[in-house]
S.K.: 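Handing you this structure, nothing more for now.
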Amino acid sequence: MQSQNRILDDMARVAGGAMGLFSGLRADIEAAVRQQLQRLLGDAQLVSREEFEAVKAMAAKARMEQEAVTKRLAALEAACGLRSDEPPPSPRPSAGD
């Protein structure tokens, strides 16, 4: 009986050592993968979230301003009796030409 207990104890010790080895190996692999991903992302020249949000806000503001200018232009063209799809009238030659 005692020899079986020693065999089981030895097997448990070996299994425990293997588990420790595998957990250490797992940590090493995770660190290597993390380092590789950081290097790849660093080389990709990605923008930060703050920069993206700033540019997004600028684009939204520019679009709103462009829409306002388009409405003003349409109102001015309507007031002058022009349509937006026809070219503006050519200037009249002055008397000095």
S.K.: Under the side chain to side chain contact (heavy atoms under 4.5 Å, CB included) test, which residues partner Ile29, sequence neighbours left out?
M.R.: Leu25, Val33
S.K.: Would you list the pairs meeting side-chain hydrogen bond (donor to acceptor under 3.5 Å, both in side chains) in which at least one residue belongs to residues 54-67, sequence neighbours left out?
M.R.: Gln66-Thr70
S.K.: Does atom CD of Glu30 have more than 12 heavy-atom neighbours, drawn from other residues, nucleotides or ligands, at distances under 6.0 Å?
M.R.: yes
S.K.: Using the side chain to side chain donor-acceptor pair (under 3.5 Å) criterion, which residues pair with Gln38? Sequence neighbours excluded.
M.R.: none
S.K.: Would a distance-only check, ignoring hydrogens and angles, find a side-chain to backbone donor-acceptor pair under 3.5 Å from Glu51 to Ser48?
M.R.: yes
S.K.: Does this structure show an ion pair linking Arg6 with Asp9, if we count only N-O contacts that are shorter than 4.0 Å?
M.R.: no
